[in-house]
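Each remark here refers to the structure printed beneath this line.
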Amino acid sequence: MATYINSGNVFFSSEESNLELLKMKIETLLFEGFNLNLKVLIIAAEDILEALNHAPDWWDVDQTAKNNAIFVIPPMSAEQILEAVGESKPEYEKVGFYGQIIFWTAPLETFSKTRWSKVVKSSVYDSITIRNANTVKKLMALYKNGGTSI
């Protein structure tokens, strides 16, 4: 098992093939051990790598912008989250997705004008978890390095 900074991410392997059962076990352990009632998302590192390989060309290009990967927690889908948040404002933000990961970029100076800047206060916030592009890429480097430190 390995973790990366205080990002809420843990790499682990398990012989449990039922991901829903594994998710419930982890949620129970978090509640019983730390009194935390959290939703857990289990996603294979290979699925993240595949999504990154299909990320839009514009994602994480402008290092002065916010570049986020928004992970959708089942049973919600990326399409449902996109619909709930509403149509993006192309003059302020770019949004695309692959699988259960939504890619989002917005210049810092116009961040507050974007639809996605308001997602924290929205009804879908409990169905997503957001990581910046740097964290996602470092997590994948950690995975590729066999779980040892970067």
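The backbone N or O of D126 lies less than 3.5 Å from a partner atom in the side chain of K39, making a donor-acceptor pair. Looking only at distances, a side-chain donor or acceptor of Q100 sits under 3.5 Å from a matching main-chain atom of M76. Checking side-chain atoms of R115 against main-chain N and O of E87 turns up a donor-acceptor pair under 3.5 Å. Remark: side-chain polar atoms of S77 are paired, donor with acceptor, to backbone N or O of Q80 under 3.5 angstrom. In this structure, the side chain of K89 engages the main chain of K113 through a donor-acceptor pair within 3.5 Å. Of the possible donor and acceptor atoms, none in the side chain of K138 sits under 3.5 Å from a partner among the backbone N and O of A133.
Residue Y98 is not grouped with residue I102 when hydrophobic side chains (ILVMFWY) are merged at heavy-atom distances under 4.5 angstrom, including chains of intermediate members. With hydrophobic clusters built from ILVMFWY side chains whose heavy atoms lie under 4.5 angstrom apart, V95 does not share a cluster with L108. No chain of hydrophobic side-chain contacts below 4.5 Å, direct or via other Ile, Leu, Val, Met, Phe, Trp or Tyr residues, connects V119 to L41. F31 and L36 fall into different hydrophobic clusters, where Ile, Leu, Val, Met, Phe, Trp and Tyr side chains are chained together by heavy-atom contacts under 4.5 Å. No continuous path of hydrophobic side-chain contacts links F97 to W58 [ILVMFWY only; heavy atoms under 4.5 Å].
Atoms OH and OG1, on Y92 and T114 in that order, are 10.5 Å from each other to the nearest 0.5 Å. Atom-to-atom distance recorded for I101:CD1 and I128:CD1 is 13.0 Å, nearest 0.5 angstrom. Separating the CD1 atom in I42 from the CD1 atom in I73 is a distance of 11.5 Å, to the nearest 0.5 Å. The NZ atom of K137 sits 10.5 Å away from atom NZ of K144, with the distance rounded to the nearest 0.5 Å. Atom CD of E15 is separated from atom CG of L22 by 11.5 Å, given to the nearest 0.5 angstrom. Summarising the geometry, atom CE belonging to M140 is positioned 12.5 Å from atom CG belonging to N145; distances are rounded to the nearest 0.5 Å.
When the options I70, I130, N68 are evaluated for a side chain to side chain contact (heavy atoms under 4.5 Å, CB included) with W116, the one that passes is I70.
Smallest separation of non-hydrogen atoms from D47 and I43: CB-CG1, 4.1 Å. Here the shortest heavy-atom pairing between S117 and S112 reads OG-O, 3.5 Å. Among all heavy-atom pairs drawn from V40 and E27, the shortest one is N-OE2, 2.9 Å. Residues I26 and F12 approach most closely at CD1-CZ, 3.8 Å, considering heavy atoms. For the pair A106 and A65, the tightest heavy-atom approach, listed with the atom from each and the gap, is O-CB, 3.2 Å. Considering all non-hydrogen atoms of both residues, G99 and A78 come closest at O-CB, 3.4 Å.
The side-chain hydrogen bond (donor to acceptor under 3.5 Å, both in side chains) test applied to E93 returns W104, not counting sequence neighbours. The side-chain hydrogen bond (donor to acceptor under 3.5 Å, both in side chains) test applied to T105 returns N67, not counting sequence neighbours.
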side-chain contact (heavy atoms from CB on, under 4.5 Å) assessment of Y143 paired with E46: CA-CA 9 Å; Y143 166 71; E46 292 86 3; 2.5 Å; yes
Is there a side-chain contact (heavy atoms from CB on, under 4.5 Å) between V61 and D57? Walk through the geometry before answering. CA-CA 8 Å; V61 173; D57 292 340; over 6 Å; no
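The number of heavy atoms from other shown groups lying within 6.0 Å of CD (E83) does not exceed 12. Environment of OH in Y125: sparse, with no more than 12 heavy atoms of neighbouring residues, nucleotides or ligands closer than 6.0 Å.
In this structure, V136 and F71 have side chains that are in contact, with non-hydrogen atoms separated by less than 4.5 Å.
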